[in-house]
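Just follow the structure's listing: the first ligand is 1, and inside any ligand the first atom is 1. For this chain, numbers begin at 1 and follow the sequence in order.
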Amino acid sequence: MSAIRFKPYKGPSGGWGSAYSVTNILFREGAPIEGTAALFKQNRPISGFACVSCAWAKPGETRPLEFCENGAKATAWEVTSHRCDAEFFARHRVAELLNWSDYDLEQQGRLTQPMRWDAATDRYVPVDWQQALQDIGSRLATLGDPNQAVFYASGRASLEASYMWALYARLYGTNNLPDSSNMCHESTSVALPESIGIPVGTVTLDDFDKTDGFLFFGQNTGSNSPRMLHELQHARKRGAPIITFNPLRERGLERFVNPQSPTEMVTGAETVISTQYHQVSIGGDTAAIAGICKALFELDDEAKASGQPRVLDVNFIEEHTHGFDAFEQRIRAYTWGALEKRSGLTRGAMEATAHVYARCERVIGVYGMGLTQHRHGVQNVQMVVNLLLMRGNMGKPGAGVCPVRGHSNVQGQRTVGITEKAAQVPADNLRQQYGFEPPAENGVNTVEACEGVVAGHIKAFLSLGGNFVRAAPDTYQLEPAWKNLDLTVQIVTKLNRSCLVHGRTAYILPCLGRTEVDVQNGIEQQHTTEDSTSCIRAWRGVAKPASEHLRSEPWIIAELAKATLPNPQTPPWDAWVADYSQIRDAIAGTYPETFHDFNVRMLEPGGFHRPLGASERKWTTETGKANFIAPKTLSVDDDIEPSAERRDVLNLMTIRSNDQFNTTVYGYDDRFRGILGTRSVILLHRNDMARFELNEGDLVQACTAANDGIHREVGPLRVTPYDIPEGCCAGYYPELNPLVPLWHHAEKAKVPAAKSIPITLRKTIAVAVEKTPVEPIPPHAVNG
Ligand SMILES: Nc1nc2c(c(=O)[nH]1)N[C@H]1C(S)=C(S)[C@@H](COP(=O)(O)OP(=O)(O)OC[C@H]3O[C@@H](n4cnc5c(=O)[nH]c(N)nc54)[C@H](O)[C@@H]3O)O[C@H]1N2
Ligand SMILES: Nc1nc2c(c(=O)[nH]1)N[C@H]1C(S)=C(S)[C@@H](COP(=O)(O)OP(=O)(O)OC[C@H]3O[C@@H](n4cnc5c(=O)[nH]c(N)nc54)[C@H](O)[C@@H]3O)O[C@H]1N2
Ligand SMILES: [Mo]
């Protein structure tokens with residue numbers, strides 16, 4: 001691992017840096033052979049496994065190697081030869097492990113057998129599967145109220161496992177089914193139904209081939225969905241412009257060398273990705289898009305005046321949309337001065353975008369966490385849609401909206417019932433299939449689950465994957481509350497902090513990963529996922545399971561359900577686990593429109609797509625039209641926005657490095673950003689450094705600027721000058737999660753506003769000098 005260095009990265013994304021990084025991790029995980037063998041099967045439909053990393057679409061006809069640098073890291077992380085076994089737990093008390101970094105915990109390798117926390121020794125000790133499941137089941141069965149239990153799901157679980165998990169929770173009597181989407185694209189799931197009548201993106205890979213251009217907001221493709229760079233590269237080679245809005249100049253959005261092209265690798269021929277790059281202020285996207293819309297109105301005025309073809313798609317607006325006039329009025333009323341101030345962009349930049357946009361017939365709007373994880377995340381998403389609707393870029397080939405989802409099946413989970421919202425459950429079908437009354441009350445989402453744990457009315461927390469306490473906001477408020485839970489259950493593949501911040505009774509149930517062969521009843525089972533383009537496909541594992549004691553997620557859920565529920569025969573859990581195709585038949589029974597003939601269609605080359613009204617210009621909104629929704633505000637955050645007087649407040653975004661998957665830290669190098677050997681940094685504009693009298697390398701404490709009486713502080717962080725708009729700063733998630741107040745979340749969607757946290761900085765006074773060059777911030781020793 002490298003020493004701490006800051007060295008601007010000169011290379012492109014992809015290229016040799018990527019090839020080197022893949023080889024490096026395969027060796028570090030002690031799995032060069034198994035890992036390489038698995039990589040040849042990655043993203044091969046039917047005969048291979050779906051990458052466990054991101055949700056980007058996989059082409060029907062696969063390339064010779066269908067993986068990227070970070071997908072390869074995710075595979076290596078799972079097929080690792082390292083093991084975190086009973087012997088390891090015998091050596092370390094939980095109190096000791098709580099001081100370990102996220103990296104060190106997961107670096108111990110795959111969990112090998114079920115473990116129960118032993119209060120007397122403060123250690124996890126081995127436990128027999130049936131004993132563990134019976135104990136969990138009987139504890140749940142005797143809870144006073146089913147709403148005292150929470151059934152969290154990480155977006156990685158397959159459609160089969162997700163369906164079973166949701167059904168298990170509802171048979172038990174609760175809609176307490178928060179998922180990672182609640183921290184991620186829930187702003188999308190709230191915004192898009194209001195705008196276009198469906199909760200998901202409208203485009204497929206085919207549209208990427210046909211589009212004339214992209215508007216690209218707040219998504220770091222090079223690190224978080226690198227395979228998408230292939231589609232962007234093809235589009236660029238056709239001459240399609242890509243206009244990017246991001247406070248940081250992310251390398252993947254600047255230039256790319258395809259690591260799978262021998263010619264490009266040898267010649268170093270780069271493709272320029274973004275044709276315009278606008279470093280919008282954090283949270284300035286609503287203003288930036290409003291500015292582009294305003295410029296479009298002005299271009300349209302000119303066209304009308306001079307008898308040229310209109311810039312607005314007036315026929316589309318007339319026939320297909322609602323709310324246009326109010327929207328137009330609001331946009332025209334904004335002054336350029338206000339739009340410039342709020343977006344951090346010049347009028348010229350917004351006009352330049354409008355000019356290019358007005359010349360493209362088919363445009364795709366792409367976005368990620370840079371739009372959703374804000375107080376006004378829902379509004380940000382709706383602004384992208386408004387912009388697209390103005391020129392009829394919805395429901396025609398090569399055009400539409402493309403939220404880039406996070407986890408590989410996070411979108412699919414929702415499709416098969418993981419949701420806390422009762423109205424989204426096909427209650428009639430469930431009633432008919434399983435003869436029970438599904439709970440009618442809404443359950444808790446992620447933020448509400450945290451509130452419930454802090455308030456003490458939630459007693460049990462079960463996690464199907466994920467590292468919930470580390471991923472959630474307000475770490476220091478949350479962790480002590482978590483210790484008061486009666487029961488915590490972690491169904492995971494690796495040891496993480498959520499196993500250590502546990503309840504009075506606590507279990508770790510280790511499961512098979514997606515790369516691993518899953519044999520039930522002597523038959524190799526398949527499972528399915530849905531990607532960012534609503535494409536559903538079948539996969540199977542290829543690697544030998546890490547331990548003979550691991551069980552599949554469907555098996556674990558079935559056994560938990562049988563141990564918990566009064567009627568263990570309905571549904572036929574055992575038959576389902578013996579043959580996953582029966583689970584798929586059940587899914588088809590509950591959701592016939594999407595999943596009819598599921599077991600056949602999942603095998604079609606390229607999978608099958610969900611029917612999506614908006615992509616055929618059928619609008620299932622309340623108005624029956626696509627809705628223009630006028631923005632309510634241009635401000636980042638009405639509650640805690642830095643006021644003119646508070647010049648000491650900076651707006652912090654918490655971001656991912658190129659060397660992590662969520663709370664899983666693969667290493668301490670963020671190659672593309674040139675930050676090597678450390679994650680304890682705060683990236684600042686040089687003018688802000690000068691204003692605060694800070695020098696490069698100074699150590700500072702970051703404190704949340706919120707007047708709720710709670711002191712939130714993280715540090716020491718190394719001051720690092722960076723190309724970021726003034727008044728903005730950046731640092732890494734999850735280390736900075738203690739700074740996010742639990743109540744600081746997107747309106748309506750309740751996605752923690754992890755991309756706009758008001759903070760102040762002060763110099764660190766006495767510092768315990770960093771222990772190693774790769775020092776982590778001790779997870780809880782830094783509370784001021
Ligand atoms: N390798 C890898 N792949 C991943 C993940 C991972 O951790 N590692 N995580 C997966 C998951 S669950 C998710 S949700 C996705 C996340 O993928 P992304 O959506 O790319 O999420 P982030 O890395 O958090 O950062 C988003 C980008 O938004 C920019 N940004 C921040 N604030 C703003 C803003 O106000 N406006 C604009 N326009 N931009 C802004 C940041 O500079 C950054 O480039 O990736 C998935 N894929
Ligand atoms: N400040 C800040 N906070 C954030 C974000 C941010 O940008 N900023 N992003 C948010 C987002 S978008 C998300 S999605 C969350 C996610 O954050 P996490 O919950 O950390 O994400 P996961 O990748 O789901 O969880 C990782 C754990 O899943 C387990 N695991 C891995 N593979 C499997 C498997 O196949 N099965 C099972 N059962 N378990 C497995 C491993 O034990 C691993 O430790 O974090 C959110 N938190
Ligand atoms: Mo996510």
Evaluate the ring planes of Phe461 and Phe468, with Trp represented by its six-membered ring, and classify them as parallel (under 30°), tilted (30 to 60°) or perpendicular (over 60°).
tilted
Relative to the ring of Phe245, is the ring of His278 parallel (under 30°), tilted (30 to 60°) or perpendicular (over 60°)?
tilted
Atom indices of ligand 2 within 4.0 angstrom of Met369 heavy atoms, with elements
12 (S)
If you measure from each non-hydrogen atom of Trp77 to ligand 2, which part falls under 4.0 Å: side chain, backbone, both or neither?
side chain
Side chain, backbone, both or neither: which part of Arg470 comes within less than 4.0 Å of ligand 2 when only heavy atoms are counted?
neither
Any Lys750 side-chain heavy atom under 4.5 Å of Glu186 side chain
no
Test of understanding: given a 4.0 Å heavy-atom threshold, classify the contact between Asn496 and ligand 2 as side chain, backbone, both, or neither.
side chain
Atoms in ligand 2 with a heavy atom of Glu106 nearer than 4.0 Å:
43 (C), 44 (O)
Residue pair Asn658 / Ser223, side-chain donor-acceptor N/O under 3.5 Å:
yes
Any heavy atom of Lys73 under 4.0 Å from ligand 1? The part involved is neither
Geometric N/O contact Cys511 with ligand 2, under 3.5 angstrom
no
Look at atom 33 (C) of ligand 1 and find which of Ala730, Cys54, Gly370, Gly222 reaches it with the closest heavy atom.
Gly370
Within a distance under 4.0 Å of any heavy atom of Ile491, pick out the atoms of ligand 2 and give their elements.
37 (C), 38 (N), 39 (N)
Polar proximity ligand 2 side, Ala754 side, N/O cut 3.5 Å exclusive
no
Note the single closest protein heavy atom to atom 31 (C) of ligand 2, along with its residue, its atom name and the distance in Å.
Thr493 OG1, 3.2 Å
Distance from atom 42 (O) of ligand 2 to nearest protein heavy atom, with residue and atom:
Lys494 O, 3.0 Å
Ligand-residue contact atoms, ligand 1 with Gly368, heavy atoms, under 4.0 Å
19 (O)
What protein heavy atom is closest to atom 11 (C) of ligand 2, reported as residue, atom name and distance in Å?
Arg656 NH2, 3.4 Å
May I ask you to identify the nearest protein heavy atom to atom 35 (O) of ligand 2, giving residue, atom name and distance to one decimal place in Å?
Arg156 CD, 3.5 Å
Short N or O distance, Tyr152 and ligand 2, threshold 3.5 Å exclusive:
no
One finds that the ligand 1 atoms under 4.0 Å from a non-hydrogen atom of Leu248 are 42 (O)
Which word best sums up how the rings of Phe672 and Tyr9 line up, parallel for under 30°, tilted for 30 to 60°, or perpendicular for over 60°?
tilted
Per-atom contacts of ligand 2 with Gly465, taking only distances under 4.0 Å to non-hydrogen atoms:
37 (C), 38 (N), 39 (N)
Any N/O of Gly466 closer than 3.5 Å to an N/O of ligand 2?
yes
Using a heavy-atom cut-off of under 4.0 Å, does the side chain or the backbone of Gln490 touch ligand 2, or both, or neither?
neither
From the options Asn737, Thr654, Thr663, Asp179, select the one whose nearest heavy atom is closest to atom 8 (N) of ligand 2.
Thr654
Heavy-atom distances under 4.0 Å decide this one: backbone, side chain, both or neither, for Cys184 against ligand 2?
both
Tell me the protein heavy atom at minimum distance from atom 26 (C) of ligand 1, and give that distance in Å.
Gly218 O, 3.7 Å
Element-labelled atoms of ligand 1 that are located less than 4.0 Å from some non-hydrogen atom of Phe661:
2 (C), 3 (N), 4 (C), 5 (C), 6 (C), 7 (O), 8 (N), 9 (N), 10 (C), 47 (N)
N or O contact, Gln373 vs ligand 2, cut-off under 3.5 Å:
yes
Within this structure, what is the CG-OH distance for the pair Leu464 and Tyr152, rounded to the nearest 0.5 Å?
10.0 Å
Using a 4.0 Å cut-off to any heavy atom of Asp285, which atoms of ligand 1 qualify?
34 (C), 35 (O), 36 (N), 37 (C), 38 (N)
When you measure from atom 15 (C) of ligand 2 to every protein heavy atom, which one gives the shortest distance, and what is it?
Tyr733 OH, 3.5 Å
Report the nearest protein non-hydrogen atom to atom 47 (N) of ligand 2: residue, atom name, distance rounded to 0.1 Å.
Ala471 O, 2.8 Å
Should Ser180 be counted as touching ligand 2, given the test is an N or O pair under 3.5 Å?
no
Got the closest protein heavy atom to atom 21 (O) of ligand 2, with its distance?
Asn662 ND2, 3.3 Å
Numbering the atoms of ligand 2 from 1, which are under 4.0 Å from a heavy atom of Ser154?
24 (O)
Among Gln279, Lys755, Met653, closest by heavy atom to atom 25 (O) of ligand 1 is Lys755
Which atoms of ligand 2 sit under 4.0 Å from any heavy atom of Glu553?
34 (C), 36 (N), 37 (C), 38 (N)
Indicate yes or no: at least one non-hydrogen side-chain atom of Glu516 is less than 4.5 angstrom from one of Lys544.
no
